[in-house]
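Here is the naming used below: chain letters follow the sequence lines, and residue numbers restart at 1 for every chain. These numbers come from a predicted model, not from an experiment.
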Amino acid sequence: MSDTLVNMRDVRFVLYEMLDVEQLTKYEYFADHSRETFDIALDAAYKLAKEVFWPAYVPMDKQGVSLDTANNKATVAKEMHEIWAAAREGNWQGISGPAEYGGQQFPGTISAAVHFIQNAANTAAHMYIGSCAGAARLIYSFASEELKQIYVEKLFTGQWGGTMCLTEPQAGSSLSDVKTTAVPAKDGDYYLITGTKCFISNGDHDLAENIIHPVLARLPGAPPGVKGISLFVVPKYRVNDDGSVGEFNDVITAGFEHKLGLKGNFTATLSFGDEGKCRGWLLGEANKGLTYMFQLMNEARIATGSQATSVASNAFFHALEYSKERFQGRRITEKDPTTPPIAIIKHADIRRMLLIQKATVEGVFALLAYAAFVADKEHASPSAEERENANLVLELLTPVCKAYGSEAAYDAIIQAIQCYGGYGFSEDFPLAQMLRDCKVFPIYEGTNYMQAMDLLGRKVPMKGGKGFQALVAAATKTVKEAASIEQLKPLAEKIGAALKIVGETTMHLAGIAGKGDIELYMYSSATYIKMFSPMVVGWLLLWQAVVAKKALEKGAGEADVKYYKGKIETARFYINHEIPHLEANAQIMKSNERTAIDFDEEWF
Amino acid sequence: MKILVPLKRVCDPDNANKVKVSGDGKAVTSEGLEWKPNPFDEYAVEAALRLNENAAKNEKLGEIVVCSIGVADVAQTIRQALAMGADRGILVTADDGALESTVVARALKALVEKEKPDLVLMGKQTVDGDSNAVGQMLAEMLGWPMATFVASISTSDGGKSLNVKREVDMGVVTLKVTTPAVVTVDLRIVSPEAVKNGATPDSHKYNEGPRYASLKGIMQAKKKKIDQLELPALGSDATPATTYPRFELPPARSGSCTFVESVDALVDKLKNQAKAF
């Protein structure tokens with residue numbers, strides 16, 4: 001079994017050679033950091049992931065979680081308790097939290113790399129850890145000083161766990177149908193919460209003494225739809241004046257899901273206020289809940305892309321090792337059946353499948369790191385213009401990280417299983433679990449179609465298409481640079497053409513929207529994101545090829561020469577294999593394809 | 001207690017099979033591999049931390065100085081030990097190729113005379129050269145008591161002596177060593193109950209293995225001092241006692257496999273053909 005989770009050479013390439021993440025330490029907010037703290041943190045994360053997270057990956061899947069309904073007591077695997085303790089000791093819950101609230105204030109780009117490593121080792125486990133910071137940052141960003149003092153540090157230090165409670169049985173993708181209510185209490189500054197939330201990841205467990213639920217609910221008389229949704233902080237146990245954990249807050253765990261994957265994570269159905277005693281505190285202003293929640297949802301969407309791609313990374317290294325060890329068949333040109341069989345990696349088609357995985361993992365990791373890097377700039381840059389540009393690009397890339405990351409990773413794991421042959425289909429190897437774990441990523445945190453609608457309906461036209469233009473400008477710069485390098489010229493031309501095709505298709509669709517055919521416009525979004533995403537990833541891989549080529553010209557050691565050559569050829573493989581599909585997808589949209597819109601449901 | 005822990009970086013032991021002999025046969029190269037602290041030295045850091053703390057009260061009881069000899073990048077390996085909790089570092093800069101056991105032992109002797117620790121605690125050997133020599137040489141040069149392959153330590157006489165258990169081929173040897181002393185540690189020194197210092201309650205159970213650096217520790221380590229000095233400034237002789245004229249790989253194994261019919265046949269083959277016993 002492979003114990004390589006992530007290619008750390010590639011992580012360092014992206015952070016230092018491609019993005020030059022050290023430049024972030026020039027910003028005051030990150031001034032306490034340096035390349036050295038980054039390197040030591042990455043090494044420490046990898047060591048912990050490999051020695052503590054990864055050995056628990058299969059056992060947590062086998063063991064699952066349990067619930068004693070009579071005593072409302074949720075239990076997770078003992079291995080998860082060990083991971084939780086180690087994560088707390090190492091302050092990993094608070095890696096990117098502000099120092100004033102117990103965080104370590106690392107740039108998000110570094111924590112993106114750390115999360116990638118931890119997710120690669122055990123993504124169900126990492127969810128418990130990551131959700132602390134998600135809830136903490138939500139409260140930190142929007143809540144009153146009083147609520148911040150109560151909750152933020154305890155979440156960033158992992159003393160308490162966190163969740164996000166949006167979905168209800170009748171309101172999944174459609175949050176406008178949220179029914180949970182919040183009624184102002186007669187005797188205090190709190191609200192009484194009543195309702196049911198389901199599919200709540202990390203929703204209950206015995207890892208922490210308290211769990212803090214940010215809950216979407218409606219105030220009496222609130223306007224219908226998303227404009228009437230407010231956000232509340234609802235602890236599992238109420239908090240005493242001295243900050244200690246007090247009495248039970250009437251949050252009942254009604255059950256947990258028996259899932260296809262991520263079985264080590266407790267996915268709860270939570271019933272708030274069965275006894276009418278569930279107290280919640282309004283987070284920020286009334287009726288602005290969804291706006292606030294979007295901060296957390298955007299983080300969670302990028303995190304979902306990371307979860308998927310990191311599992312694909314682990315699967316890729318398994319497939320790579322297996323392909324070197326499994327001997328089968330002879331070269332296509334070898335006619336003598338008495339010659340010894342060769343390692344299957346010597347077959348071109350195995351290498352093709354491995355390349356699909358390598359390109360996906362490295363390309364999407366670059367995308368995730370770039371998105372985090374842009375988010376760091378949005379957060380810490382002193383220049384208002386840079387912050388605004390960063391915000392627009394980040395908004396644009398978020399649905400791509402989530403939707404493309406989750407789909408491409410799933411496809412990559414399928415290729416990893418294919419490399420294993422029949423053994424890939426067996427639960428005796430961890431590949432089957434990886435595939436099961438990854439199926440949820442195109443579904444949760446907003447289905448991939450929601451992401452597609454978000455991209456085409458909201459993000460591309462946002463501020464007159466400014467974000468889209470900024471992205472195209474950045475990509476065009478890379479294309480120009482690559483075109484001046486003989487070896488990369490053909491790749492540069494293909495990405496240049498792709499930018500043009502995406503631009504034209506966007507204009508075509510804008511025309512459809514302009515004519516008022518909103519149904520066709522949004523229907524096209526699923527194809528649009530399929531076209532758009534490879535343009536982005538192809539650009540990032542081309543950027544990497546440029547960096548690698550320059551490093552080769554400067555002179556590199558033997559191992560680095562192999563790495564850089566592999567990098568350039570990976571970009572070539574991806575661009576040659578994926579970019580042509582982009583054009584096909586453009587044709588589908590340009591032909592105003594609308595069969596599914598008009599297809600009568602009786603015809604199924 | 002003041003403890004000096006010598007720490008060497010080695011190329012990633014998990015990828016030791018990727019080490020190569022250079023084209024001219026003059027050196028072993030590890031290009032492209034990551035540097036890691038020598039595992040046994042990391043165990044020594046952990047043992048030093050356990051000796052010098054009250055783990056129940058989170059109190060420090062003494063100073064731990066981590067030293068290394070090598071190129072400037074080695075500072076990062078020292079920094080990792082500081083992130084685990086050691087107090088300060090000393091880096092003696094020298095070319096990696098110039099480090100042979102006697103040169104290292106002499107440099108450490110000079111450092112010991114400068115720092116005057118109560119205890120030198122180090123790995124029994126480094127996993128690159130596997131010489132298993134520096135600790136013994138250092139004790140001899142200093143004229144200090146020595147215990148090697150130590151798998152457990154408990155302090156006695158208020159820290160003036162150490163009761164140690166050494167793992168040897170025939171079993172476990174128990175010794176009492178008076179400080180100052182040189183102690184080299186084996187793998188089991190990081191088992192949960194291997195170190196007793198009279199301050200941490202005996203009931204305290206450590207995790208198996210060296211502790212992980214925390215992010216807080218990493219940020220604190222950044223502020224801890226690492227003194228740098230050059231090898232000649234220590235005044236120790238840098239002439240190696242042994243030189244390696246040439247390295248070559250052992251001949252590749254044929255990898256053949258034969259099946260035998262019975263256990264008796266296997267024993268016969270092992271005895272008469274392979275001459276294994």
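The distance from atom OG of B:S22 to atom CD of A:E558, rounded to the nearest 0.5 Å, is 11.0 Å. Separation of atoms CD1 (B:I218) and CZ (A:F106) is listed at 5.5 Å; rounding is to 0.5 Å. Within the model, atoms CD of B:Q76 and OG1 of A:T37 stand 10.0 Å from one another, a figure rounded to the nearest 0.5 Å. Expressed to the nearest 0.5 Å, how far CG of B:L215 lies from CD1 of A:I110 amounts to 11.0 Å.
Annotation for B:D130: atom CG counts as buried by contact number, over 12 foreign heavy atoms lying within 6.0 Å. The environment of B:K196 atom NZ is dense: over 12 non-hydrogen atoms of other residues, nucleotides or ligands sit within 6.0 angstrom. The local environment of CD in B:E261 is sparse, with at most 12 non-hydrogen atoms from other residues, nucleotides or ligands closer than 6.0 Å. Within 6.0 Å of atom OH in B:Y244, 12 or fewer heavy atoms from other residues, nucleotides or ligands are found, so the atom counts as exposed in its surroundings. B:K60 NZ: more than 12 foreign heavy atoms inside a 6.0 Å radius. Atom CZ of B:R188 sits in a sparse spot, with 12 or fewer heavy atoms from other residues, nucleotides or ligands closer than 6.0 Å.
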Worksheet item: Is there a salt bridge (charged side-chain N to carboxylate O under 4.0 Å, His left out) between B:R79 and A:E36 once you walk through the steps?
Response: CA-CA 9 Å; B:R79 199 74 75 186; A:E36 197 178 54; 2.8 Å; yes

Discussion item. Salt bridge (charged side-chain N to carboxylate O under 4.0 Å, His left out), that's the test. Do B:K216 and A:E89 meet it? Break it down for me.
Written reply: CA-CA 9 Å; B:K216 209 180 266 177; A:E89 265 172 45; over 6 Å; no

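The shortest heavy-atom contact between A:D32 and B:K222 is O-NZ, 2.9 Å.
A salt bridge links A:K50 to B:D14: one of the charged nitrogens lies within less than 4.0 Å of a carboxylate oxygen.
Looking only at side-chain heavy atoms (C-beta outward), A:E82 and B:N207 stay at 4.5 Å or farther from each other. Taking 4.5 Å as the limit, some side-chain heavy atom of A:R12 sits within range of a side-chain heavy atom of B:E34. Between A:H33 and B:M219, the closest side-chain pair of non-hydrogen atoms falls below 4.5 Å.
For the options A:G557, A:G94, A:A41, heavy-atom pairs under 4.5 Å to chain B are most numerous at A:G557.
Within the 4.5 angstrom heavy-atom criterion, only side-chain atoms of A:D43, from C-beta onward, approach chain B.
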